[in-house]
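Here the structure comes first, spelled out in structure tokens, and everything after it is commentary.
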Amino acid sequence: MAGTKKSAADTAWIAETAQSLGFDLCGVAAAQEFPELANMRDWLERGYAGEMEYLHDPRRADVRAAMGGVRSVIVCAVNYNAPEKYSTEVASQSAEKETPRGWISRYAWAATITKCCGRN
């Protein structure tokens with residue numbers, strides 16, 4: 001299939017497969033310059049990334065720098081505002097108030113992340 005243009009049917013299959021895996025949204029986009037990232041360096045220099053050092057990797061500004069020859073990218077999204085309780089609510093209901101506990105980010109509760117990325 002190298003060198004062939006993908007059809008609308010191929011894109012629809014990709015989106016349907018992503019939905020069957022639990023993603024809420026999926027799209028296919030051309031791998032090209034992303035104008036919204038023009039100010040990323042300034043944003044990082046202002047410290048807006050906090051402790052997320054991985055955002056400083058220059059390959060994040062252009063997918064073509066990370067993957068030579070890439071022509072398209074598949075973008076998937078999961079809505080983390082799910083009906084499940086927040087981890088802070090679960091912790092506050094714990095019968096053992098003195099037991100050490102932590103909070104889990106909403107994205108980490110998503111079954112899609114585990115299913116897709118193979119994390120337990």
Side-chain angles (χ1 to χ4, degrees):
M1 281 183 130
T4 61
K5 185 171 174 91
K6 303 298 179 231
S7 69
D10 293 329
T11 300
W13 178 84
I14 291 168
E16 288 169 16
T17 302
Q19 187 174 18
S20 75
L21 290 170
F23 289 99
D24 296 312
L25 298 173
C26 178
V28 178
Q32 59 191 23
E33 185 176 338
F34 193 57
E36 287 83 350
L37 293 177
N39 298 317
M40 186 169 179
R41 174 169 280 151
D42 181 54
W43 186 85
L44 291 168
E45 288 173 358
R46 290 173 183 246
Y48 295 149
E51 296 178 8
M52 297 179 285
E53 290 298 319
Y54 62 90
L55 292 177
H56 292 269
D57 187 331
R59 295 174 296 176
R60 292 182 106 24
D62 190 339
V63 69
R64 296 169 298 180
M67 304 171 82
V70 66
R71 297 180 310 179
S72 299
V73 293
I74 299 171
V75 182
C76 298
V78 174
N79 179 1
Y80 300 130
N81 194 15
E84 290 84 7
K85 293 181 179 183
Y86 289 98
S87 63
T88 53
E89 294 170 339
V90 173
S92 68
Q93 295 172 358
S94 173
E96 300 177 34
K97 298 288 185 192
E98 300 304 317
T99 302
R101 59 187 178 271
W103 294 293
I104 301 170
S105 298
R106 297 287 286 191
Y107 73 87
W109 284 45
T112 302
I113 300 300
T114 302
K115 188 187 310 183
C116 177
C117 301
R119 309 254 183 216
N120 292 329

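Nothing fancy with the numbering, it's 1 onward along the sequence. Computed from a predicted model, the values in this text were never measured in an experiment.
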For the CG atom of N39 and the CD atom of E45, what is their distance to the nearest 0.5 Å? 11.0 Å
Treat each ILVMFWY residue as a node, draw an edge where side-chain heavy atoms are under 4.5 Å apart, and state whether L25 and V28 are in one component. no
With clusters defined by side-chain heavy atoms of hydrophobic residues (ILVMFWY) lying less than 4.5 Å apart, directly or transitively, does M67 cluster with V75? yes
For the hydrophobic clusters of this structure (ILVMFWY residues joined by side-chain heavy atoms under 4.5 Å, transitively), does one cluster hold both L37 and Y48? yes
Do W43 and F34 share a hydrophobic cluster (ILVMFWY, side-chain heavy atoms under 4.5 Å, transitive)? yes
Given the rule that I, L, V, M, F, W and Y join up when any side-chain heavy atoms are under 4.5 Å apart, are Y54 and V73 in one cluster? no
Let me confirm one number: the CD1-CD1 distance from I14 to I74, rounded to the nearest 0.5 Å. 4.0 Å
Nearest 0.5 angstrom please: R64 CZ to E33 CD, how far? 6.5 Å
Minimum heavy-atom separation for A49 to L55, with atom names? CB-CD1, 3.8 Å
